[in-house]
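A short write-up of the structure that comes next.
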Amino acid sequence: MKLLFEKSVAGRRASRIPSSDVDAKANIDRRLLRDRPAELPELSELDVVRHFTELSKKNFGVDDGFYPLGSCTMKYNPKMAEAIAGDPGYTALHPSLPQLPGGARLVQGALEVLYQTDRLLREICGMSAFSMQPMAGAHGELTGVLMMAAYHKHQGNKKDTILIPDTAHGTNPATAAIAGFKVETIPSDNHGRMDIELLKNALTDQVAGLMLTCPNTLGLFNHQVKEICRMVRDVDGLIYCDGANLNALLGRCRPGDLGFDIVHVNLHKTFATPHGGGGPGAGPVGVSEKLVPYLPISIVSRRPSGRYYLDYNRPHSIGYVAPFYGSFGVILKAYAYILMLGGDGLMRVSENAVLNANYIRHKLKPYYDQAVDEVCKHECVLSAARQAKNGVRAFDVAKALIDRGFHPPTVYFPLTVPEALMIEPTETESKETLDKFIDAMIEIAQLSETDPASLAACPVSTPVDRLDETRAARKPDLALLPTE
Amino acid sequence: MPFIANTEEQRLAMLDELGLTAEQLFDDIPAELRCAPLRVDPGLSEQEVRTRMAGLADRNVSDLISFLGAGYYDHFVPAAVNALVYRSEFYTAYTPYQPEISQGTLQAIYEYQSMICRLTDMDVANASMYDGGTALCEALTMAIRISGRKSLIIDESVSPIHRIMIQSYTDNLGIERIQTPPSAGCANRDRIIEQLNNQKTAAVIVQNPNFFGCLDDFSDLAEAAHAAGALLIVSCYPIALGMVKTPGAMNADIVTGEGQCLGLGLNFGGPYLGFMATRKKHVRKMPGRIAGRTVDRQGRDGFVLTLQAREQHIRREKAASNICTNQSLCALTALTYLSLLGKHGLAELAALIADKTEYACQKLTAIDGVKRKFPEKSIFNEFVIELPYAAGEAVGRLIESKMAAGFPLGRYYPELERCLLVAVTEKRTRHEIDRLADALEDLV
């Protein structure tokens, strides 16, 4: 398919710019102007519409089919949320308005959305306060680690190390490093949980904190979590909960009660806002009482009169991690979703997410190795190690699933499991869908015995087949620049 | 039940198959760690939620005439933009980890990267970042990695919002931040060059048009920075690039900016779009996702995420950034918006905005007691006027009559307490500008 730029025809136009209603002419020093227009394509509106419609047909979203991408919680994105977030009463609001004298009263509805979402997340996670600023999960992690740094600085602590288990998502160590900390990796025991003896040895006075994913990336809840938090606190460390897997815990237990000081919540996972092909997301961050002073500014507060306002008067704050109040349009959708679910609905989410994951795990147990053979939470990690002996790797299983109409699971993660297939069905999928997926997985397992070569050819049903990633990296072609 | 597919019958059948009760699914969470029932109200119907959310939207102003900008602008968005972006194949997908079923997203990212390069006159762009501020923060840590140096020179006419973000991002990194006050509304050459150190300076950071709306040509600063072995980072406003000199033409090394103006709403602060472009030689030090063109087994063109050896899922604590994904849907919005405007549309839009801004500037500064601040500088879409008293006070009074006159600069620049930053887009009519002038005249 041609690129937009290759479809360009000189002189073709999609839009007409309004004619000027003023007689003034700009008076810009010629030396500050560009010599010629930017080489954007020249297309009709129909050209543009057909181009992107054709592109969309080469994509696969949750609306197209089952998307069990482990750790990403690809649940159904309700349409009502899009309708609400498209309301001009929200989309047209300038973020600086409440900073103007008398401006806060013009945005009371928007401030209430932020305030109420904060209150709901506090209750769901058991934390003392949230910042809505972080614009993605990894951004929430960064905000949390920056608060760790500020806390220790304020306490006069000289701590420079953050502990991270080996099963953690790559963003955890990357975040700790870009925030200026050293990273020490704690290996897992053979049940896939952080080795508590090794943790003990690592807990020196240098330890600023521990980042833990709960449940972990094998989909397991660590029953020793409270003890771990206590051990870290004993060296005046802070405990960070990567809340990427919160879906499994809704209404069951709360990070704050477990002893975590910081948690980020991926609204685009747990609270069903669309992933957008890779963003925008939102990663609000909640903290325990002792970290409240360090939250980013501003915080939405409420006066006794019921009026909402922005509180910037927080001298220990780490400052701004976002220009304003975070991904407001995403927060709106998550708020509406929580209102629709209610307290009872949140409990049903975790139950059905866990039930669906265990159903898949149980049904596939005879065919695939399991990372750990026990009841999992929202996701299960299988291994294609058995199939790999016949030359069929996790990668091939993934490509074969594509031909059978499914988005593949996450593969090769966590790194501690060979040939990992990380499957997260979510609560919004039905038993019929799970059964079809299970049948496809079984068929692939059988083909890996009888006809492994047929799997190596997959996918055959897609606009392109397996792409040459080595060539892409060796001879980078990253943009079509104007010819000249 | 909303958003849960399994019927009670199916649920029981599945539990039966597992040989478990619903409670046993959570047996691994010890009883003492369980929480009490959440104090969250019972669920509502869609109709009830829509009514409540519409009620909240009604408590936001909807009939304001706004000259508020300060980096975030109220532009017109053609209907085709959202019609395309809200195709569910785009918005309900995730990061294109499986390229064979993600060619739509991947080709769009490649085209977006090409579009950003063409706008800025740079060689390569990444797949986008959270917003203009985070893109700028990532750019300066990139400059630190490239140069192996740890000192930054930041012109104070760079957005104060972005400068606070830079401070938050770098506070724990042992980085020296030298902020230089502008001279007559533009980056102060003498101060910057005096601070440039050929052992320490990693980058000089400037913005065009700057926070005061003044246009500049940073070619001289690029030359000075390069002579000291430092990089020049330029943050820019992409609509202005329809007519103003590009950062590429000024020899900038890294270019960033806020893409909110490219078809995204103001959305009360987000989601927004950060863009980043650089020179080819720096691409392996650039943070963020990047899409590249390659071929499949049959030699057909296709797109993949590439140069992933920079990224957190491979490199973990040695990664170029902790960023996991991009701002894909917002980048797609910008791409469709720029495609619809096209080569001449963008240039004409920029010219229209510049003309209206000039009109507004003439009109407001014709008021007795209102002066143009930095009158010798060229402006594009925004300018500063000085009032006889605190600008915040004037803004507060005008808000009563449903007019946001601009951004009072005293919030970030105490010495400019009487100054007001006024922004104009193609949506502001002559009538509205005249109304602002009349209202301001009445006040002054």
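All heavy atoms count here, side chains included; hydrogens, waters and symmetry mates do not. Within every chain, numbering begins at 1; the chains are lettered A, B, ... in the order of the sequence lines, protein sequences first and strands thereafter.
If you measure heavy-atom distances from B:Arg289 to chain A, you find no contacts under 4.5 Å at all. For A:Ala272, no part lies under 4.5 angstrom from a heavy atom of chain B. In this structure, the portions of A:Gln108 lying under 4.5 Å from any heavy atom of chain B include both its backbone and its side chain. Interface remark: B:Ala291 contributes backbone atoms only to the contact with chain A (heavy atom separation under 4.5 Å). Only the side chain of B:Leu346 comes within less than 4.5 Å of a heavy atom in chain A; its backbone stays farther off. Proximity to chain A is limited to the side chain of B:Leu352, based on heavy atoms less than 4.5 angstrom apart. Contacts between B:Arg11 and chain A at a heavy-atom distance below 4.5 Å involve backbone atoms as well as side-chain atoms. Within the 4.5 angstrom heavy-atom criterion, atoms from both the backbone and the side chain of A:Asn27 approach chain B. Only the side chain of B:Ile290 has a heavy atom closer than 4.5 Å to any heavy atom of chain A. For B:Gln362, the part sitting under 4.5 Å from any heavy atom of chain A is the side chain, from C-beta outward, and nothing else. For B:Leu215, the parts lying under 4.5 angstrom from a heavy atom of chain A are both the backbone and the side chain. Looking at B:Gln298, the atoms closer than 4.5 Å to chain A (heavy atoms on both sides) sit in the backbone and in the side chain alike. For B:Asp27, no part sits under 4.5 Å from any heavy atom of chain A, backbone or side chain. Residue B:Ser66 does not touch chain A at all, counting heavy-atom pairs closer than 4.5 Å. If you measure heavy-atom distances from B:Pro2 to chain A, the contacts under 4.5 Å come from both the backbone and the side chain. Within the 4.5 angstrom heavy-atom criterion, only side-chain atoms of A:Arg13, from C-beta onward, approach chain B. For a residue to count as touching a neighbouring chain, one of its non-hydrogen atoms must lie under 4.5 Å from one of that chain's; by this rule B:Thr306 touches chain A with the side chain only. In this structure, the portions of A:Pro323 lying under 4.5 Å from any heavy atom of chain B include both its backbone and its side chain. With a 4.5 Å cut-off on non-hydrogen atoms, B:Tyr97 touches chain A through its side chain but not through its backbone.
If you run side-chain contact (heavy atoms from CB on, under 4.5 Å) between B:Phe3 and each of A:Asn77, A:Leu341, A:Val349, only A:Leu341 comes through.
Contact check on A:Glu123 versus A:Arg254 returns a salt bridge, with a Lys/Arg side-chain nitrogen under 4.0 Å from an Asp/Glu carboxylate oxygen. Ion pairing of A:Glu427 with A:Lys75 is present here, as a side-chain N (NZ or NE/NH1/NH2) and a carboxylate O approach within less than 4.0 Å. By the 4.0 Å N-to-carboxylate-O rule, A:Lys226 lies too far from A:Asp257 to be salt-bridged with it.
Residues passing the salt bridge (Lys or Arg N to Asp or Glu O under 4.0 Å) test with A:Arg12 are A:Asp47, sequence neighbours excluded.
The aromatic rings of B:Tyr72 and A:His94 lie perpendicular to each other, with more than 60° between the two planes, well past the 30° mark. A parallel orientation is assigned to the rings of A:His407 and A:Tyr67, their planes being inclined by less than 30° (bins at 30° and 60°).
Per-residue counts of heavy-atom pairs under 4.5 Å with chain A were compared for B:Thr357, B:Val124, B:Leu349; the largest is that of B:Leu349. When each of B:Gly132, B:Ala13, B:Pro42, B:Ala347 is scored by its heavy-atom pairs under 4.5 Å with chain A, the top score falls to B:Pro42. Contacts with chain A were tallied for B:Leu64, B:Leu241, B:Val295; B:Val295 has the most, counting heavy-atom pairs under 4.5 Å.
Taking the six-membered ring for Trp, B:Tyr86 and B:Tyr91 have ring centres closer than 6.0 Å.
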